[in-house]
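Structure record follows, encoded as structure tokens.
The structure presented is a predicted model; accordingly, all values stated were derived computationally and were not measured. Residue numbers start from 1 in every chain, and the chains themselves are labelled A, B, ... in the order their sequence lines are given, proteins ahead of strands.
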Amino acid sequence: MSASDVEAIRKQTRTYIGVFVTLMIMTILTVAVSYFHLPVAVAILIALIIASFKGSLVAAFFMHLSHERKVIYWLLLLTVVFFLALMFIPSLTQWNQRYVR
Amino acid sequence: MEIPYTVEARPDTGVPNAKLGIWLFLASEVMLFGALFSSYVLLRTGAAPGTWPHGRVFLNVPLATLNTIILIASSVTMVMSWASLKLNDFKKYRLYMGLTILAGFGFMIVKAFEYGHKFELGLFPKSNTFLAIYFTLTGLHGLHVLGGMIVNGYFVGPGAKLWRTQPERFTNRVEVAGLYWHFVDLVWIFLFPTLYLL
């Protein structure tokens with residue numbers, strides 16, 4: 001491995017530590033917010049925003065998605081489409097059948 | 001027989017085969033956990049108004065916060081173990097990989113303690129809908145942690161022999177194991193607020 005490669009990896013490891021610190025702060029933040037007793041809709045929104053931010057950090061840096069090949073991005077785009085379809089399935093259910101026992 | 005494209009990228013995909021393989025597997029994992037998250041949403045929105053409990057009622061938030069910290073830390077040690085191999089430092093690799101496995105054990109012990117406490121209180125998956133989806137999601141996630149620990153254990157034990165003969169191939173294997181481990185961490189990052197904080 002060349003000297004520039006070694007330097008690039010060393011730089012990356014410093015980034016990993018930065019990401020770790022950010023993830024820790026975000027974890028404490030999301031727990032702290034949960035004790036504010038916000039309205040449910042607001043609480044869900046904030047928790048999802050923080051979790052998405054944390055998840056993006058993990059994916060971008062630890063999983064090296066910030067610099068990956070095209071084939072992986074296409075694969076993930078397809079996954080996201082199908083994942084969103086899954087998440088919307090609950091809203092397609094018949095609302096008038098709720099609370100039926 | 002020689003397995004093709006373990007180190008060099010396959011010309012048409014631009015990545016080594018194992019990397020495409022693990023991402024395809026992770027895509028299927030997204031669908032598996034996605035289906036259960038979707039079920040959670042359906043169960044929660046379908047519950048009679050005011051009956052869905054806040055996670056805090058049944059679950060221990062400080063313990064889960066500790067587990068979140070443990071799992072995120074293990075993701076850092078995992079990626080550092082890969083970086084150590086890239087820097088040709090096998091000793092550091094073993095240290096970081098060992099720490100990753102140790103963190104996995106820590107996570108499972110905390111989880112076992114949580115589960116045990118629920119059972120002592122007579123709280124089981126059958127007790128209510130919230131606990132049913134809680135045990136399903138965290139149980140499946142726990143199995144994934146266990147699976148990752150077995151793979152990581154192999155790469156710090158007998159699997160590490162490959163480093164002496166084919167270091168680049170071994171480094172790629174550790175990267176692939178890492179992608180899986182980070183995914184398990186990522187799932188927990190969403191499970192934690194969903195089940196415990198909302």
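Heavy atoms closer than 4.5 Å to chain B are found in both the backbone and the side chain of A:Val31. If you measure heavy-atom distances from B:Ala64 to chain A, you find no contacts under 4.5 Å at all. Using a 4.5 Å cut-off between heavy atoms, B:Leu198 touches chain A through its side chain atoms alone. Only the side chain of A:Ile72 has a heavy atom closer than 4.5 Å to any heavy atom of chain B. Contact annotation for A:Leu76: only side-chain heavy atoms (C-beta onward) come within less than 4.5 Å of a heavy atom of chain B. Interface residue B:Leu24: backbone and side-chain heavy atoms are both found under 4.5 Å from chain A. For chain B, the nearby parts of A:Met63 are the backbone and the side chain; heavy atoms of each come within less than 4.5 Å. Interface remark: B:Trp181 contributes no atoms to any contact with chain A (heavy atom separation under 4.5 Å). Proximity to chain B involves both the backbone and the side chain of A:Tyr35, based on heavy atoms less than 4.5 angstrom apart. Residue A:Leu75 touches chain B through its side chain alone, counting heavy-atom pairs closer than 4.5 Å.
Of the listed residues A:Leu65, A:Leu57, A:Val19, A:Ile28, the one with more heavy-atom pairs under 4.5 angstrom with chain B than any other is A:Leu65. For chain A, the option among B:Val187, B:Asp185, B:Thr68, B:Ile69 with the highest count of heavy-atom pairs below 4.5 Å is B:Ile69. Ranked by heavy-atom pairs shorter than 4.5 Å toward chain A, the options B:Thr13, B:Val79, B:Leu186 are led by B:Val79. Across B:Ser39, B:Ser28, B:Ser84, B:Ala27, the residue that shares the most heavy-atom pairs under 4.5 angstrom with chain A is B:Ala27. When each of B:Phe37, B:Phe183, B:Trp82, B:Phe192 is checked for heavy-atom pairs under 4.5 Å with chain A, B:Trp82 comes out on top.
Residues B:Asn17 and B:Thr6 are not in side-chain contact: their nearest non-hydrogen atoms beyond the backbone lie 4.5 Å or more apart.
For A:Phe83, the side-chain contact (heavy atoms from CB on, under 4.5 Å) test picks out A:Met87, B:Val30, with sequence neighbours left out. Remark: B:Tyr134 pairs with no residue by the ring pair (Phe, Tyr, Trp, His ring centres under 6.0 Å) rule, at least two apart or across chains.
Taking every heavy atom of both residues into account, A:Leu38 and A:Val42 meet most closely at CD1-CG1, 4.3 Å.
Relative orientation of the B:Phe33 and B:His141 rings is perpendicular, given thresholds of 30° and 60° on the angle between their planes.
Counting non-hydrogen atoms of neighbouring residues, nucleotides and ligands closer than 6.0 angstrom, the CZ atom of B:Phe105 reaches no more than 12 such neighbours. Within 6.0 Å of atom NZ in B:Lys111, more than 12 heavy atoms from other residues, nucleotides or ligands are found, so the atom counts as buried in its surroundings.
Under a 4.0 Å N-O distance rule, the pair B:Lys19/A:Glu68 qualifies as a salt bridge.
Each of A:Ile49 and A:Ile25 belongs to its own hydrophobic cluster when Ile, Leu, Val, Met, Phe, Trp and Tyr are linked at side-chain heavy-atom distances under 4.5 angstrom. Tracing side-chain contacts under 4.5 Å through hydrophobic residues (I, L, V, M, F, W, Y), one never reaches A:Val21 starting from B:Leu71; they form parts of separate clusters.
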